[in-house]
Trainee: 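I'd like to ask you about the structure that follows.
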Amino acid sequence: MNNNFHNSLLRLIIVLPCCLLTFLTTMAEDGHQLWLRYQPLNKTKVTTTLTSPTVNIARQELETYYDGNAVTLRIDATMPDDDGYRISGDTITARREAGLLYGTYELLRRQVTDNNRTTHYESHPAFALRLLNHWDNLDGSIERGYAGESIFWKERNTQLIKEYARANASIGINGTVLNNVNASPKMLTKPYLKEVKHIADMLRPYHIKVYLSINFATPMALGDTKTADPLNPQVARWWKRKAKEIYKLIPDFGGFLVKANSEGQPGPGDFGRTHADGANMLADALKPYGGIVMWRCFVYGANHKGEDRVKQAVSEFKPLDGLFRPNVILQTKNGPLDFQPREPYSPIFDQIKKTPNMVELQITQEYLGQSRHLVYLAPMWEEFFTSVDPTRLKGIAGVANIGLDRNWCGHHFSQANWYAFGRLAWNPKRGSKDIAQEWLKLTFTTDNGFVHTMSKLMEGSHEACVRYMMPLGLHHIFKFDHHYGPEPDGFKADYPLEWCPVYYHKATKDSIGFDRSTTGTDAVSQYRPEMASLYDNIDTCPENLLLWFHRVPWTHRMKDGSTLWESMQLEYHMGVIYVDMLKTAWHYKMRHFIDEQRWREVDERLEDQLQNAREWQDVCLGYFAKVINK
């Protein structure tokens, strides 16, 4: 399999279409337009009996950028009651105005990407909730942000926020959480709520609701109550008053996102109460206005001392399943640990059956090279959706990678992950390859040679990242805190072991890996039976998760006949080779297809990525070799 991977890379880079050598004159671009690089045509007449800010946006987009002569916008109350749309010839039909807007952007998108101009097309979203989660702080900084400071809290730029709204609407995103899950109590004070109102007013015409992350102990932190106990009547009344205040300012406010009793954040556990007690108190406050509570399941720590960290969320929440109010949704990361380059899916999605679930994906590349590496994340998200049935999910949230950098995301190709998140949030069965090709055509050029080559390279970039960072199920061996670069020897005596890389790889002279089988921590038992059986058996466990679930001798024979140590060396090597070939293809073959600025900026980032990939290979293999040879 590894030889085939290598050979396919060589064919991809060496046998490039001759058309790639053709020089194209391009205008300088900085990436700010994202995938919305439409040029004004001003030739279309839009007919509709509807008048509203949303319809006016759809009309303006079509009249400015569509190349047809006429378009009709109409509402049809017999269509499914969601944000979907139907395109028939030059007519866009929807049940809701939001659908007309989404249909408008689909028509513009197909103008660029669909050579045949499909004349009949209907589409409906898989999830009602399609949200971005911003980890933006009120001082303008962004936790795990790699593209500059906050577009919301660093400065109020009306035009920029409208551009942000347009970009999100163009890919079907309909909600945004404006602040960090490690929330400041100040977020709910009057000055900041007035700022939220201004932002909500700008996003509303694009059918994007605003939500806020809250600090659970806000009333106590602000000095309004002596406790934050959710069963205390005074505390419950405070939250009801606060909800009323918010909805008076923002009638369509979406609700709260809550991180509680995790990583030092306050929560109901501080007062001897359960997550259900805390979530229900907030849900009761929001219920009269139609608001929801998204309660994060990323919980680990003191209450589970000695328990395998990847088991703690299920241990915490399974006993509470069915005890939450109807307007509470449990929001869970795709994997059970912490947005690692590869994880199995979180078993919460198997165990929580009576409470609505939504999945949280990380668009910002905290553990995947940040804004320095070209890593296309849609293939990783596809892995998740092959394990978890999307129809069982209420919604989807993506931790945003957006900042004040002119190109929004730090790396031009990181824009692809924002785009892919929106497209998968609308249709999780959409192939990552199709999305990559669509994004490349909209963002760079429709040239078939460029699109074919770069989409293939994007498709393999996530697997390459896993290979040069932590192959075969290795996980969490990053440098402490900032998570850029390797630190397999990482250990800090003043921190819990579950924060330290040595806790996860457990490498000794004889073996390596974390035993989560039935003979180890038994984390496999949290999965549905067929998956538990698959993971539990070392002979059937997927080799790309082998060291996640099993402690394995270095001499263990892999399916291709190599030893584990030989296979690990090859994995790191192949990861570096892939980045080297990606850089070579971009540097020598892609320059003539796009503008100089974006070509140069991507080229510089690819050099950084190559150096960092080599560092991962050298540091990790060097460390493990010393362990083996002790």
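One-based numbering along the sequence shown. For clarity, every value in this text was computed on a predicted model and none was experimentally measured.
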Trainee: Look at the rings of Phe339 and Trp135 and say which category their plane angle falls in: under 30° parallel, 30 to 60° tilted, over 60° perpendicular.
Mentor: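 Phe339 vs Trp135 ring planes: tilted.
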Trainee: Under a plain distance cut-off of 3.5 Å, with no hydrogens placed, do Ser52 and Glu97 share a side-chain donor-acceptor pair?
Mentor: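 Yes, Ser52 and Glu97 have a side-chain donor paired with an acceptor closer than 3.5 Å.
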Trainee: Any side-chain to backbone donor/acceptor pair from Ser346 onto Gly335? Under 3.5 Å, distance only.
Mentor: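 Between the backbone of Gly335 and the side chain of Ser346 there is no qualifying donor-acceptor contact (under 3.5 Å).
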Trainee: Could you tell me whether Arg96 and Asp81 have a side-chain N and a carboxylate O separated by less than 4.0 Å?
Mentor: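 A salt bridge links Arg96 with Asp81.
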Trainee: Looking only at non-hydrogen atoms, find the nearest pair between Gly148 and Ile142 and report the distance.
Mentor: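 Taking Gly148 first and Ile142 second, the nearest heavy atoms are O-CD1, 3.5 Å.
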Trainee: Test Asp434 against Gln437 for side chain to side chain donor-acceptor pair (under 3.5 Å), laying out the working first.
Mentor: CA-CA 5 Å; Asp434 289 343; Gln437 292 185 344; 6.0 Å; no
Trainee: When the ring planes of Tyr65 and Tyr38 are compared, do they come out parallel, tilted or perpendicular, using 30° and 60° as the limits?
Mentor: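 Tyr65 vs Tyr38 ring planes: tilted.
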Trainee: For Lys429, is the NZ atom crowded, meaning more than 12 foreign heavy atoms sit under 6.0 Å from it?
Mentor: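 Incorrect, the count does not exceed 12.
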Trainee: To the nearest 0.5 Å, what is the distance between CG on Leu368 and CE on Met469?
Mentor: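 Rounded to the nearest 0.5 Å, the CG-CE separation comes out at 6.0 Å.
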Trainee: For Glu382 and Ser432, indicate whether the former's side chain and the latter's backbone hold a donor-acceptor pair under 3.5 Å.
Mentor: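 Side chain of Glu382 to backbone of Ser432: a pair is present.
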Trainee: Is there side-chain contact between Leu440 and Phe413, with heavy atoms separated by less than 4.5 Å?
Mentor: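 Yes - at least one pair of side-chain heavy atoms lies under 4.5 Å apart.
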Trainee: Apply ring-ring contact (aromatic ring centres under 6.0 Å, His included) to residues His134 and Tyr164 and explain how you reach the verdict.
Mentor: CA-CA 13 Å; His134 289 267; Tyr164 162 86; 5.5 Å; yes
Trainee: Contact between Ile151 and Asn157 at the side-chain level, heavy atoms closer than 4.5 Å - yes or no?
Mentor: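 A side-chain contact is absent here, since even the closest heavy-atom pair is not under 4.5 Å.
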Trainee: Determine whether the side chains of Gln611 and Asp608 contain a donor N or O and an acceptor N or O closer than 3.5 Å.
Mentor: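 No.
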Trainee: Kindly say whether Gly449 contributes a backbone atom to a donor-acceptor pair with the side chain of Asp447 at under 3.5 angstrom?
Mentor: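 At least one qualifying donor-acceptor pair exists.
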Trainee: With a 4.5 Å limit on heavy-atom distance, are the side chains of Cys465 and Tyr468 in contact?
Mentor: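 They are in side-chain contact.
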Trainee: So, for His462 and Tyr376, is the gap between ring centers shorter than 6.0 Å?
Mentor: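 Ring-ring flag for His462/Tyr376: false, centres at least 6.0 Å apart.
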Trainee: Here's a test for you: under ring pair (Phe, Tyr, Trp, His ring centres under 6.0 Å), which of Tyr419, Trp439, Phe444, Tyr105 qualifies with Trp35?
Mentor: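 Of all the options given, the one that passes is Tyr419.
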Trainee: Do Asp350 and Tyr345 have side-chain heavy atoms sitting under 4.5 Å apart?
Mentor: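 SC-SC contact between Asp350 and Tyr345 confirmed.
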Trainee: Show your reasoning for whether side chain to side chain donor-acceptor pair (under 3.5 Å) applies to Glu366 and Gln370.
Mentor: CA-CA 5 Å; Glu366 177 183 356; Gln370 299 170 10; over 6 Å; no
Trainee: Hey, could you give me the CZ/NE2 distance between Arg406 and His32, rounded to the nearest 0.5 Å?
Mentor: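 Here the interatomic distance stands at 4.0 Å.
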Trainee: Nearest 0.5 angstrom please: His207 NE2 to Asn168 CG, how far?
Mentor: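 Going from NE2 on His207 over to CG on Asn168, the span is 14.5 Å.
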Trainee: Provide the closest heavy-atom pair for Ile348 versus Asn357 in the form atom of the first, atom of the second, distance.
Mentor: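 Answer, listing the atom of Ile348 first, then Asn357: CG2-OD1, 3.9 Å.
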Trainee: Should Asp580 and Arg614 count as side-chain neighbours, where that means a heavy-atom distance under 4.5 Å?
Mentor: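 They are in contact (side-chain heavy atoms under 4.5 Å apart), so the answer is yes.
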Trainee: So, the side chain of Glu360 versus the backbone of Ile396: is there a donor-acceptor pair under 3.5 Å, distance only?
Mentor: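 No, because the side chain of Glu360 does not come within donor-acceptor range (under 3.5 Å) of the backbone of Ile396.
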Trainee: Can you check whether Tyr146's main-chain N or O pairs, donor with acceptor, with Ser371's side chain at less than 3.5 Å?
Mentor: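 It does hold such a pair.
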Trainee: Kindly determine whether Glu459 and Lys433 satisfy salt bridge (charged side-chain N to carboxylate O under 4.0 Å, His left out), including the steps that lead there.
Mentor: CA-CA 6 Å; Glu459 275 287 289; Lys433 178 181 177 181; over 6 Å; no
Trainee: Do Gln362 and Asn401 get their side chains close enough for a donor-acceptor pair, meaning under 3.5 Å?
Mentor: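 Their side chains do not contain a donor-acceptor pair, so the 3.5 Å distance test is not met.
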Trainee: Please report the shortest heavy-atom distance between Trp586 and Asp603, naming the atom on each side.
Mentor: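 Nearest pair, atom of Trp586 first, then Asp603: NE1-N, 3.6 Å.
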Trainee: Distance-only, no hydrogens or angles: does the Gln415 side chain make a donor-acceptor pair with backbone N or O of Gly31 under 3.5 Å?
Mentor: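 Pair found, side chain donor or acceptor close to backbone of Gly31.
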Trainee: Within 45° of the six-membered ring axis of Tyr121 and under 6.0 Å from that ring's centre, is NZ or CZ of Arg110 located there?
Mentor: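 Output yes; distance and angle both within limits.
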Trainee: Considering only heavy atoms from C-beta outward, does the side chain of Ile161 approach that of Ile199 to under 4.5 Å?
Mentor: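 Yes - at least one pair of side-chain heavy atoms lies under 4.5 Å apart.
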Trainee: What's the spacing between Thr364 OG1 and Trp418 CH2 if we round to 0.5 Å?
Mentor: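 One finds 12.5 Å between OG1 of Thr364 and CH2 of Trp418.
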Trainee: May I ask you to test the Ile87-His120 pair for a side-chain heavy-atom distance under 4.5 Å?
Mentor: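 Heavy-atom side-chain distance check fails, nothing below 4.5 Å.
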Trainee: Between Ala585 and Leu457, what is the shortest heavy-atom contact and its length?
Mentor: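 Of all heavy-atom pairs spanning Ala585 and Leu457, the closest is CB-CD1, 3.9 Å.
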Trainee: Counting only heavy atoms not in His573, do more than 12 sit closer than 6.0 Å to its NE2 atom?
Mentor: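 12 or below, so no.
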Trainee: Is the closest side-chain donor-acceptor distance between Ser414 and Gln365 under 3.5 Å?
Mentor: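 There is such a pair (donor and acceptor under 3.5 Å, judged by atom type) between the side chains of Ser414 and Gln365.
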Trainee: Take a 6.0 Å sphere around CD of Glu122 and say whether it holds more than 12 heavy atoms from other residues, nucleotides or ligands.
Mentor: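 Counting neighbours around CD of Glu122, more than 12 heavy atoms of other residues, nucleotides or ligands fall under 6.0 Å, so yes.
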Trainee: Taking the six-membered ring for Trp, are Phe421 and Trp426 closer than 6.0 Å centroid to centroid?
Mentor: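 Between Phe421 and Trp426, the centre distance exceeds or equals 6.0 Å.
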Trainee: Looking at Arg37 and Leu442, would you say the former's side chain and the latter's main chain have a donor-acceptor pair under 3.5 Å?
Mentor: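 Pair found, side chain donor or acceptor close to backbone of Leu442.
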Trainee: Report yes if the distance between the aromatic ring centroids of Tyr535 and Tyr527 is under 6.0 Å, otherwise no.
Mentor: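 For Tyr535 and Tyr527, the ring centres are under 6.0 Å apart.
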Trainee: Identify the two heavy atoms, one from Pro125 and one from Arg130, that lie closest to each other, and give their separation to 0.1 Å.
Mentor: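 That would be CB-NH1, 3.5 Å.
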Trainee: Tell me, with the steps shown, if Thr44 and Glu63 meet side chain to side chain donor-acceptor pair (under 3.5 Å).
Mentor: CA-CA 5 Å; Thr44 301; Glu63 290 183 344; over 6 Å; no
Trainee: To the nearest 0.5 angstrom, please state how far the CZ atom of Arg342 sits from the CG atom of Leu472.
Mentor: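 Atom-to-atom, Arg342:CZ and Leu472:CG are 10.0 Å apart.
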Trainee: Is the backbone N or O of Trp408 less than 3.5 Å from a side-chain atom of Asp405, with the two atoms forming a donor-acceptor pair by type?
Mentor: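 No, the answer is negative, given that no donor and acceptor are paired below the 3.5 Å cut-off.
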Trainee: Got a sec: does the NZ of Lys45 have more than 12 other heavy atoms crowding it under 6.0 Å?
Mentor: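 No, because the 6.0 Å sphere around NZ of Lys45 holds 12 heavy atoms or fewer from other groups.
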Trainee: Ignoring hydrogens, what is the shortest heavy-atom contact between Ala613 and Val576? Give both atom names and the distance.
Mentor: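 For Ala613 versus Val576, the nearest heavy atoms are O-CG2, 3.5 Å.
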Trainee: Verify, without hydrogens or angle tests, whether Arg86 (side chain) and Thr91 (backbone) share a donor-acceptor contact under 3.5 angstrom.
Mentor: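 Checking the backbone N and O of Thr91 against the side chain of Arg86, no donor-acceptor pair under 3.5 Å is found.
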Trainee: Does NZ or CZ of Arg591 fall inside the cone over Trp599's six-membered ring, less than 6.0 Å from its centre and within 45° of the axis?
Mentor: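 Cation-pi check for Arg591 and Trp599: passes.
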Trainee: Supply the atom-to-atom distance His476 NE2 to Asp338 CG, rounded to the nearest 0.5 angstrom.
Mentor: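 If we round to the nearest 0.5 Å, His476:NE2 and Asp338:CG are 5.0 Å apart.
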Trainee: Looking at Glu543 and Lys559, would you say the former's side chain and the latter's main chain have a donor-acceptor pair under 3.5 Å?
Mentor: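 Judged by distance alone, yes, a pair lies under 3.5 Å.
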Trainee: Specify whether Trp548 and His475 have parallel, tilted or perpendicular ring planes, treating 30° as the upper limit for parallel and 60° as the lower limit for perpendicular.
Mentor: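 Tilted, since the angle between the ring planes falls between 30° and 60°.
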Trainee: Between Val359 and Lys333, is any pair of side-chain heavy atoms under 4.5 Å apart?
Mentor: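 Not in contact.
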Trainee: In terms of side-chain heavy atoms, does Thr391 have a donor or acceptor partner in Asp389 at a distance below 3.5 Å?
Mentor: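 The answer is yes; a qualifying pair exists.
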Trainee: Taking the six-membered ring for Trp, are the ring centroids of Tyr367 and His373 within less than 6.0 Å of each other?
Mentor: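 Ring centroids of Tyr367 and His373 are no less than 6.0 Å from each other.
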Trainee: Is there a salt bridge (charged side-chain N to carboxylate O under 4.0 Å, His left out) between Lys583 and Glu607 once you walk through the steps?
Mentor: CA-CA 7 Å; Lys583 183 183 186 307; Glu607 178 61 30; 3.5 Å; yes
